[in-house]
Participant: 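My questions all concern the structure below.
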Amino acid sequence: MFSPEIAPVVNIADLPQYEGQAVTIRGWVYHLRSSGKVRFLVVRDGTGLVQGVLVKGRLPEEDFHQFDRLGQESSLILRGQVRAELRAPGGYEVEVTGLTPLHICQNYPIAHKEHGVGFLLDQRHLWLRAPRQQAILRLRDELARACRDFFYDRGFVLVDTPILTPTACEGTTTLFATDYLDRGKAYLSQSGQLYLEAAAMALGKVYCFGPTFRAEKSKTRRHLMEFWMVEAEAAFYLLEDILQLCEDLVRYLVLRVLERRNRELEMLDRDTTLLSKVSQSFPRLSYTEAVVRLQTEGVAITWGEDFGGDEETRLSQMFDRPVLIHRYPRQIKAFYMEADRDNPELALCVDMLAPEGYGEIIGGSQRVADLDILLARLQEYHLPQEPLEWYLDLRRYGSVPHAGFGLGLERLLAWVCGLKHVREAIPFPRLLDRLYP
RNA sequence: UCCCCGGUAGCUCAGCAGGUAGAGCGGGUGGCUGUUAACCACUUGGUCGGCGGUUCGAGUCCGUCCCGGGGAGCCA
């Protein structure tokens, strides 16, 4: 191994700063080519790719011949001279003066060509090494950080909600059950909202960010069994405040990514002019208006029905920005949503649909603040009261109007990246009938 | 749970009207002093998803099961 004093260990992304200098690079073989006495070795290190050139006679004979043993993804350390080179991909290359393989491997399963989705998902642990997957993961990281920055800057306090819960939050979706020692069943959380409401009564403005579990047998491009959701809740907020807050959040997130992760978006061939439309205000439509617009376009839907994937797609394609649909019929929404005073048939709620057919990325609402109404709702929705006594307490002791929303990270990321399926938006997707790796 | 499509070499696929298995990539060997998914030559590689049926004969036709993909319902 080379001592760093002779040649500093450098990230490939930083190579231009080291032009003309000797450097050490640690990484993996991305690609190999040989022309006999001149050999090319494309190396990746997680920050980028660089071509190493081995010329017979210009490095120790033994190191030169190590090249023959290398296969794709063999790990290695190499030392060489950085130089600008127009013929090299990226404009810079390294003239290799020393090559030390760390681990030789052959038959790396993922070649530089088209592969089927099933195969790639089985190889997800290796697929992550692909430049495209790296770009997606970096964008995910940026969005996650940006969420935290957004809420921190606005005085929201991070409150971690439990993952193991005694009951369903909404009583609608199917939950993953697990044994809670000898105390019966526990369920994996499908939302932190109810707990967040309690925290909002303590701290005012709060949010949580963590994994969420839905045991629905959904098999579509928008569904995961396990996904990450950022949820916000604020005391004294009304529906209008939530509309503004979630619009501000999505605008902030997208602009942040445009500003800091342009390289990754470029690698994904994302058309960023579409994303930059978020700087304009988002259209707002009531559910009723949305139904009318759909009907005008010939979609068979009647007032009172929930939007399916098709309807969401059609609606989101009507605009070049995310659109906010508010005040759905109460019947098709969750028990905790406050009714509209002007029309009690309507819930004070909002869904944000991403453009380009990506569909729902946010769901939010103003919550029922009155104890008696909430009790009636539990009956109406056939929900047990006893396990929700603590939730009812929030209406017994200093109840205030409050509202919140949840944003699905993978759906947002899929839209930002222009992915065809959310399964690429999470490092290790959990899908129907797929729990490996 | 339902509907549609698929399962042939490690991978991506072709295989005509039923006649006994192919290509490219990858792997291996050799060649090449500037390659860009390099190229050239040679080579390795298969219970054609399982079971049953029709037939002289099934990768091919029929039935059934398994697995995968897409969608519906439901949701972020």
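Letters A, B, ... are given to chains in the order of the sequence lines, protein chains preceding strands, and every chain is numbered from 1. In this text, all values refer to a predicted model and were calculated from it rather than measured experimentally.
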Participant: Determine whether any donor atom in the side chain of A:H223 lies under 3.5 Å from an acceptor atom in the base of B:rC74, or the reverse, and answer yes or no.
Facilitator: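 Result: at least one qualifying N/O pair found.
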
Participant: Taking a pair as Watson-Crick (N1 to N3 plus N6-O4 or O6-N4) or G-U wobble (N1-O2 and O6-N3), both under 3.5 Å, which stems of 3 or more consecutive pairs involve RNA chain B?
Facilitator: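 Expected stems, ordered by start: B:1-7 with B:66-72, B:10-13 with B:22-25, B:27-31 with B:39-43, B:49-53 with B:61-65.
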
Participant: Identify, between A:I361 and A:G36, the residue whose nearest nucleotide on RNA chain B lies closer to the 5' end.
Facilitator: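 In this pair, the answer is A:G36.
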
Participant: Calculate the interatomic distance between A:R33 atom CZ and B:rG34 atom P; express it in whole Å.
Facilitator: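 So the CZ-P distance, A:R33 to B:rG34, works out to 13 Å.
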
Participant: On a plain distance test, is the side chain of A:K217 in donor-acceptor contact with the base of B:rG73 below 3.5 Å?
Facilitator: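 No.
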
Participant: Within the 3.5 Å criterion, strictly below it, is a donor on A:E424 or A:Q133 matched to an acceptor on the partner's side chain?
Facilitator: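 A donor-acceptor contact under 3.5 Å links the two side chains.
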
Participant: Rounded to the nearest 0.5 Å, what separation is found between the CG atom of A:D122 and the CZ atom of A:R434?
Facilitator: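 Separation between the atoms: 4.5 Å.
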
Participant: Mind checking A:T212 for me? I need base, sugar-phosphate or nothing, with any heavy atom below 4.0 Å counting as a touch.
Facilitator: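 A:T212: no heavy atom of the nucleic acid under 4.0 Å.
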
Participant: Hydrogens and angles aside, do A:S365 and A:R367 bring a side-chain donor and acceptor to less than 3.5 Å of each other?
Facilitator: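 Short answer, yes.
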
Participant: Could you tell me whether A:Y252 and A:F150 have their ring centroids closer than 6.0 angstrom?
Facilitator: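 Ring centres of A:F150 and A:Y252 closer than 6.0 Å.
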
Participant: Rounding to a whole Å, what distance do you find between A:K56:NZ and B:rG34:P?
Facilitator: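 So the two atoms are 15 Å apart, to the nearest Å.
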
Participant: Taking the P atom of each, how far is B:rG22 from B:rG45, in whole Å?
Facilitator: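 Here B:rG22 and B:rG45 have their P atoms 14 Å from each other.
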
Participant: In whole angstroms, how far is the C1' atom of B:rG70 from the CG atom of A:L431?
Facilitator: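 A:L431 atom CG is separated from B:rG70 atom C1' by 13 Å.
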
Participant: Give A:Q123 one of three labels, base, sugar-phosphate or nothing, depending on what nucleic acid heavy atoms sit under 4.0 Å from its own.
Facilitator: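 Nothing, no nucleic acid heavy atom in range.
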
Participant: Ignoring hydrogens, what is the shortest heavy-atom contact between A:R44 and A:L49? Give both atom names and the distance.
Facilitator: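 Scanning both residues, the minimum pair turns out to be CB-CD2, 3.3 Å.
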
Participant: Using the benzene-type ring in the case of Trp, are the ring centres of A:H112 and A:Y30 under 6.0 Å apart?
Facilitator: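 Between A:H112 and A:Y30, the centre distance is under 6.0 Å.
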
Participant: Roughly, in whole Å, what's the span from CZ in A:F213 to C1' in B:rC75?
Facilitator: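 Distance check: A:F213 CZ to B:rC75 C1' gives 16 Å.
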
Participant: Between B:rA17 and B:rC61, how many Å separate the two C1' atoms, rounded to a whole number?
Facilitator: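 Looking at atom C1' only, B:rA17 and B:rC61 are 12 Å apart.
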
Participant: So is the aromatic ring of A:F40 stacked onto the base of B:rG34, judging by whether the centres are under 5.5 Å apart and the planes are under 30° apart?
Facilitator: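 Check failed, A:F40 does not stack on base of B:rG34.
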
Participant: Does A:R251 count as lying over the ring of A:F282, i.e. NZ or CZ under 6.0 Å from the six-ring centre, within 45 degrees of the axis?
Facilitator: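 Yes, A:R251 lies over the aromatic ring of A:F282.
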
Participant: Can a donor-acceptor pair be found between the side chains of A:R69 and A:Q66 at a distance below 3.5 Å?
Facilitator: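 Result is yes, a qualifying pair exists.
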
Participant: Check whether more than 12 heavy atoms from other residues, nucleotides or ligands sit under 6.0 Å from atom CD of A:Q331, and answer yes or no.
Facilitator: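 Atom CD in A:Q331 is not crowded, with 12 or fewer foreign heavy atoms closer than 6.0 Å.
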
Participant: Which atoms of nucleotides 45-48 of chain B (N or O only) lie under 3.5 Å from a protein N or O atom, and what are those distances?
Facilitator:
none

Participant: Counting only heavy atoms and a strict 4.0 angstrom limit, can you tell me which residues of residues 134-145 of chain A come near RNA chain B?
Facilitator: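 Residues of residues 134-145 of chain A that come under 4.0 Å of RNA chain B do not exist, since none gets that close.
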
Participant: Ring pair (Phe, Tyr, Trp, His ring centres under 6.0 Å) with A:F307: which residues, sequence neighbours excluded?
Facilitator: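 Counting only residues at least two positions away or on another chain, A:F307 forms a ring pair (Phe, Tyr, Trp, His ring centres under 6.0 Å) with A:Y287, A:Y328.
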
Participant: Quantified in whole Å, what is the P atom distance between nucleotide B:rC3 and nucleotide B:rG15?
Facilitator: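 Taking atom P in both B:rC3 and B:rG15, they lie 28 Å apart.
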
Participant: Taking atom C1' in both B:rA14 and B:rU33, what distance in whole Å separates the two?
Facilitator: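 Result for the C1' pair: 39 Å, nearest Å.
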
Participant: When rounded to the nearest 0.5 angstrom, what distance separates CG in A:L258 from CZ in A:R270?
Facilitator: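 So the gap between those two atoms works out to 9.5 Å.
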
Participant: Check every atom of B:rC75, B:rG73, B:rC32 against the side chain of A:S35 and return the nucleotide holding the closest atom.
Facilitator: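 Output: B:rC32.
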
Participant: Give me the atom names and distance for the closest heavy-atom approach of A:L196 to A:C208.
Facilitator: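 That would be CD2-SG, 3.6 Å.
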
Participant: Please pick, from B:rU35, B:rU33, B:rG71, the nucleotide with the shortest atom-to-atom distance to any side-chain atom of A:K219.
Facilitator: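 Side chain of A:K219 sits closest to B:rG71.
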
Participant: Could you tell me the separation between the CZ atom of A:F307 and the P atom of B:rG73, rounded to a whole number of Å?
Facilitator: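 Computing the A:F307:CZ to B:rG73:P distance gives 13 Å.
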
Participant: Base, sugar-phosphate alone, or nothing: which one does A:R58 contact when heavy atoms must sit under 4.0 Å apart?
Facilitator: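 Since no nucleic acid heavy atom lies under 4.0 Å of A:R58, the category is nothing.
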
Participant: Classify the side chain of A:S218 and the base of B:rC74 as holding, or not holding, a donor-acceptor pair under 3.5 Å.
Facilitator: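 Yes, a donor-acceptor pair under 3.5 Å.
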
Participant: How far does the P atom of B:rU60 sit from the matching atom of B:rC48, given to the nearest Å?
Facilitator: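 The answer is 10 Å between these two P atoms.
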
Participant: Using a cut-off of 4.0 Å on non-hydrogen atoms, how would the nucleic acid contact of A:E410 be classed: base, sugar-phosphate, or nothing?
Facilitator: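 Counting heavy atoms under 4.0 Å across all strands, no contact is made by A:E410.
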
Participant: Any donor-acceptor pair, under 3.5 Å, between the side chain of A:R39 and the base of B:rC32, if you only look at N and O atoms?
Facilitator: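 No such pair is found, so the answer is no.
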
Participant: Under 6.0 Å between ring centres: does that hold for A:F119 and A:W127?
Facilitator: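 No, they do not, as the ring centres are separated by 6.0 Å or more.
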
Participant: Hey, is CD on A:E62 packed in by over 12 heavy atoms from elsewhere, all under 6.0 Å?
Facilitator: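 Counting neighbours around CD of A:E62, 12 or fewer heavy atoms of other residues, nucleotides or ligands fall under 6.0 Å, so no.
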
Participant: With rounding to the closest Å, how many angstrom separate the C1' atoms on B:rU8 and B:rG46?
Facilitator: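 The same atom, C1', in both gives a distance of 8 Å.
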
Participant: Using only heavy-atom distances, determine whether the side chains of A:Q81 and A:T97 contain a donor-acceptor pair under 3.5 Å.
Facilitator: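 Their side chains do not contain a donor-acceptor pair, so the 3.5 Å distance test is not met.
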
Participant: Taking only nitrogen or oxygen atoms into account, show me every contact under 3.5 Å that the protein makes with nucleotides 27-29 of chain B, one pair per line with its distance.
Facilitator:
from   : atom 1 : to     : atom 2 : distance (Å)
B:rG27 : O4'    : A:N107 : OD1    : 3.2

Participant: Could you check whether A:Q72 and A:R129, counting side-chain N and O atoms only, form a donor-acceptor pair closer than 3.5 Å?
Facilitator: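 There is no such pair (donor and acceptor under 3.5 Å, judged by atom type) between the side chains of A:R129 and A:Q72.
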
Participant: For A:Y207 and A:F151, take the angle between the two ring planes, folded into 0 to 90°, and tell me which bin it lands in: parallel under 30, tilted 30 to 60, perpendicular over 60.
Facilitator: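 Judged by the thresholds at 30° and 60°, the geometry between A:Y207 and A:F151 is parallel.
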
Participant: Which part of the nucleic acid, if any, lies within reach of A:D351 when heavy atoms closer than 4.0 Å are counted: base, sugar-phosphate only, or nothing?
Facilitator: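 Since no nucleic acid heavy atom lies under 4.0 Å of A:D351, the category is nothing.
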
Participant: Starting at CE of A:M229 and ending at P of B:rC75, how long is that distance when rounded to a whole Å?
Facilitator: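 Atom-to-atom, A:M229 to B:rC75, this comes out as 13 Å.
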
Participant: Using the C1' atom as the point on both nucleotides, what is the distance between B:rG73 and B:rG63, in whole Å?
Facilitator: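 B:rG63 and B:rG73 have their C1' atoms separated by 30 Å.
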
Participant: Rounded to whole Å, please give me the gap between CZ in A:F405 and C1' in B:rC75.
Facilitator: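 Distance, rounded to whole Å: 18 Å.
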
Participant: Quick one: closest heavy-atom pair of A:V96 and A:G52, and the distance?
Facilitator: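 Looks like CG2-CA, 3.9 Å.
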
Participant: Looking only at side-chain N and O atoms, does A:Q193 offer a donor or acceptor that is under 3.5 Å from a partner on A:E197?
Facilitator: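 Yes, a side-chain donor-acceptor pair sits under 3.5 Å.
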
Participant: Tell me whether the side-chain N/O atoms of A:R423 come closer than 4.0 Å to OP1 or OP2 in B:rG68.
Facilitator: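 A:R423 to B:rG68 OP1/OP2: no side-chain N or O under 4.0 Å.
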
Participant: N/O contacts under 3.5 Å, protein versus nucleotides 7-14 of chain B?
Facilitator:
from   : atom 1 : to     : atom 2 : distance (Å)
B:rC11 : O2'    : A:H115 : ND1    : 2.5
B:rC11 : O2     : A:K113 : NZ     : 2.2
B:rU12 : OP1    : A:G116 : N      : 3.0
B:rU12 : O4'    : A:K113 : NZ     : 3.4

Participant: Can a donor-acceptor pair under 3.5 Å be found between the side-chain atoms of A:R222 and the base atoms of B:rG70?
Facilitator: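 Between B:rG70 and A:R222, which were checked side chain against base, a qualifying N/O pair under 3.5 Å is absent.
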
Participant: Identify the heavy atoms of A:S74 and A:C105 that sit nearest to each other, and give their distance.
Facilitator: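 Closest approach of A:S74 to A:C105, heavy atoms only: OG-N, 3.0 Å.
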
Participant: Take the protein atom CZ of A:R221 and the nucleotide atom C1' of B:rA72, then report the distance between them rounded to whole Å.
Facilitator: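 That distance rounds to 13 Å.
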
Participant: Distance between the P atoms of B:rC67 and B:rG50, in whole angstroms?
Facilitator: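 Here B:rC67 and B:rG50 have their P atoms 15 Å from each other.
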
Participant: Nearest to the A:L224 side chain among B:rA76, B:rG68, B:rG73, which nucleotide is it?
Facilitator: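 Of B:rA76, B:rG68, B:rG73, B:rA76 is nearest to the side chain of A:L224.
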
